[in-house]
**Q** 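Take this structure first; my questions come after.
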Amino acid sequence: MTSILWLRRDLRLGDHPALHAAAEEGAVLPLFVRDPALANAGDARRSRLEASLAALDAATDGVLVVRSGDPAEVVASVAAEAGATSVHVTGEFTPYAVRRDRRVADRLREADVPMASSGTPYAVRPGSVVNKSEAPYQVFTPYSRVWRDQAIEPPLDRPRGLRWRRTVDSEGLDTALVERGRSFGPVGEDAALDRWRVFADGALDDYDSRRDRPDLDGTSRLSVHLKHGEIHPRTLLADLTNGRRRSQGARTFVTELAWREFYADVLWHRPESAWRDLRDGLAGMRYDEGPDVEELVEAWRQGRTGYPFVDAGMRQLLEIGWMHNRVRMVTASFLVKDLHVWWPVGARHFLDHLADGDLASNNHGWQWVAGTGTDAAPYFRVFNPVTQGKKFDPDGDYVRRWVPELAHLPGVKVHEPWRHDGGYDHGYPRPVVEHDEERKVALERYEKASRST
DNA sequence: TGCTTGTTCTG
DNA sequence: AGAACAAGC
């Protein structure tokens, strides 16, 4: 008996319920399908995925099968070729994935091959945390209280006596893509577990005070591993519980995991909110578009807005496919509230360049900043890019690291080149807009939009 | 998981 | 003068 393990965002062997379920039926054929519908994922994300597949292939002694095409056709034909009696998957919850999985399951049913879903990429299944009237929570804090109290299954070991089977051809991997994917840092399940141990034994206890500092290595850097399922949040939570880590840092880290789960839950309940305002409270909001603002948006994309903290973040994104979360908030606020651009424009750019790009976390993070989401920041919260920089990059190291035209300015001066002699000696651009003015414009438009609805 | 402004308090 | 705080955006 052979069963197929159709892998998607669960590229690991430990703590993998679907792998267990597959292994219980006999030999396991691991399959990844390159879906043309997902070909528009950014270069960073696609290459990082390819590298993760290479790591998994190595961990399975090279039995991974990779095929391109419509998943319904590919999974069905591989099942037929291998004589598989079932297909096992980890549940997926984004709008496209839900439709796709329904379609694949239907197609397999015609061939009398059941598709079984075990587990999810989350500690708590999206849709399972509800209030007393069985409705989803609209606000993070009450959600997180209930989420925290959910019984979490203990992590599973790798299945014993696992037999792999590769009886069908594989397209193989794109070595150039794999190479580029590896440029984002260590890849694969072992690397993810290593990173987690280093973080848990190191920065975790100070996470509460240091996570907001992009100039320090104070964050977990686990996002890309979580994105591809190289590690499961259940593993992290179990370690935190068993290790009885009770520091404020550990508690805050758990809260960050809860945000990830909350946003997946919100997107599951409201799939249309991926690319549209979740709340219609700002429906009358006036945003700028067209050629004039497009030039400003391009300056934002390239990290040439003239605001050092913003530009450092945007350049970090382009160079390493990752941006510190504090800076994601500040750069997002700049696009929405200083350039008056609707949030999906920015969310698209982030997804195009983040190696860890995740639809739920990214787009609902943007909606939070824009004030259009569930539990979003009120619209009148406008980040000041200069004071945010001075506060969270107090020595200016982050800006100097990513903006070489400002590397000659010492200390906190990098945040205000206009106030220092020679600030523009190395070609750094002047501010493309005046924050104080644009803040007022944003508040006026908000005021108008609130009155109209 | 903000910012600004105005006011009061402190040294 | 500058910290600490409240209130409104």
Side-chain angles (χ1 to χ4, degrees), chain A residues 137-145 147-148 203-204 206-216 218-220 223 248-263 266 278-279 281-282 284-286 307 309-310 313 323-340 343 346-347 350 358 360-394 398 412 415-416 431 433-453:
Chain A
Y137 284 97
Q138 305 293 315
V139 176
F140 172 71
T141 307
Y143 170 91
S144 71
R145 284 204 195 95
W147 176 87
R148 209 179 307 252
L204 177 65
D206 295 323
Y207 184 73
D208 190 53
S209 57
R210 289 163 59 99
R211 81 201 148 101
D212 267 328
R213 288 281 301 273
D215 55 330
L216 308 175
T219 68
S220 75
S223 57
Q248 186 54 45
R251 279 196 292 272
T252 302
F253 180 68
V254 170
T255 302
E256 297 301 321
L257 290 176
W259 274 105
R260 176 176 178 273
E261 310 238 341
F262 177 60
Y263 282 148
V266 172
L278 181 99
R279 288 186 311 112
L282 292 183
M285 189 71 185
R286 183 179 144 214
Y307 286 91
F309 200 49
V310 171
M323 196 198 301
H324 186 280
N325 187 56
R326 164 63 45 179
V327 193
R328 292 190 199 198
M329 291 191 276
V330 174
T331 55
S333 178
F334 191 83
L335 183 76
V336 173
K337 298 181 183 180
D338 288 73
L339 302 185
H340 317 297
W343 64 266
F350 273 28
D358 176 88
S361 295
N362 183 65
N363 291 30
H364 280 291
W366 272 89
Q367 295 223 42
W368 182 88
V369 170
T372 61
T374 282
D375 198 31
Y379 190 86
F380 50 74
R381 270 192 197 164
V382 178
F383 286 93
N384 180 318
V386 178
T387 52
Q388 286 281 314
K390 290 200 270 192
K391 187 168 174 187
F392 295 111
D393 181 29
Y398 179 72
V412 75
H415 292 294
E416 294 171 289
V433 294
E434 278 305 317
H435 171 71
D436 290 347
E437 285 171 29
E438 302 310 332
R439 174 175 179 274
K440 285 182 198 142
V441 172
L443 292 175
E444 280 164 22
R445 292 189 188 191
Y446 168 66
E447 173 69 19
K448 219 176 259 178
S450 315
R451 269 188 281 120
S452 72
T453 47

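Order of the sequence lines fixes the chain letters, A, B, ..., with proteins taken first and strands second; residue numbering starts at 1 for each chain. What you see is a predicted model; the values in this text were computed from it and never measured.
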**Q** Hey, could you give me each pair passing salt bridge (Lys or Arg N to Asp or Glu O under 4.0 Å) that has a residue in residues 248-258 of chain A? Not counting sequence neighbours.
**A** A:Arg211-A:Glu256
**Q** My understanding is that only residues two or more places apart in sequence, or in another chain, count here; which of them pass side chain to side chain contact (heavy atoms under 4.5 Å, CB included) with A:Ala370?
**A** A:Val336, A:Trp343, A:Thr372
**Q** Any side-chain to backbone donor/acceptor pair from A:Ser450 onto A:Tyr446? Under 3.5 Å, distance only.
**A** yes
**Q** According to side chain to side chain donor-acceptor pair (under 3.5 Å), who are the partners of A:Trp366, at least two apart in sequence or on a separate chain?
**A** none
**Q** Under a criterion of less than 4.0 angstrom to any heavy atom of chain A, what are the 5'-terminal and 3'-terminal contacting nucleotides of DNA chain B?
**A** B:dT1 to B:dT4
**Q** Distance-only check: which donor-acceptor pairs under 3.5 Å involve side-chain atoms of residues 382-392 of chain A, not counting sequence neighbours?
**A**
unit_1	atom_1	unit_2	atom_2	d
A:Asn384	OD1	A:Val386	N	2.8
A:Asn384	OD1	A:Thr387	N	3.1
A:Thr387	OG1	A:Asn384	O	3.3
A:Gln388	OE1	A:Arg326	NH1	2.9
A:Lys390	NZ	A:Glu416	OE1	3.0

**Q** Does A:Ala250 have any side chain to side chain contact (heavy atoms under 4.5 Å, CB included) partners at least two apart in sequence or in another chain, and if so, which?
**A** A:Leu204, A:Leu240, A:Arg245, A:Ser247
**Q** Apply ring-ring contact (aromatic ring centres under 6.0 Å, His included) to A:His364 and list each qualifying residue two or more places apart in sequence or on a separate chain.
**A** A:Tyr263
**Q** Starting at atom CZ of A:Arg439, determine the distance to atom C1' of C:dC9, rounded to an integer number of angstrom.
**A** 7 Å
**Q** Once side chain to side chain contact (heavy atoms under 4.5 Å, CB included) is applied, do any residues pair with A:Arg445, and if so which ones, sequence neighbours excluded?
**A** A:Met285, A:Arg286, A:Asp288, A:His340, A:Val441
**Q** So if I take residues 374-391 of chain A and measure heavy-atom distances to DNA chain B, which residues fall below 4.0 Å?
**A** A:Phe380, A:Arg381, A:Val382, A:Phe383, A:Asn384, A:Thr387, A:Gln388
**Q** Holding to side chain to side chain donor-acceptor pair (under 3.5 Å), I want the full list of residues that pass it with A:Arg328, two or more places apart in sequence or in another chain.
**A** A:Asp356
**Q** Just jot down the ring-ring contact (aromatic ring centres under 6.0 Å, His included) partners of A:Tyr137, sequence neighbours excluded, or say none.
**A** none
**Q** So if I take residues 361-368 of chain A and measure heavy-atom distances to DNA chain B, which residues fall below 4.0 Å?
**A** A:Trp368
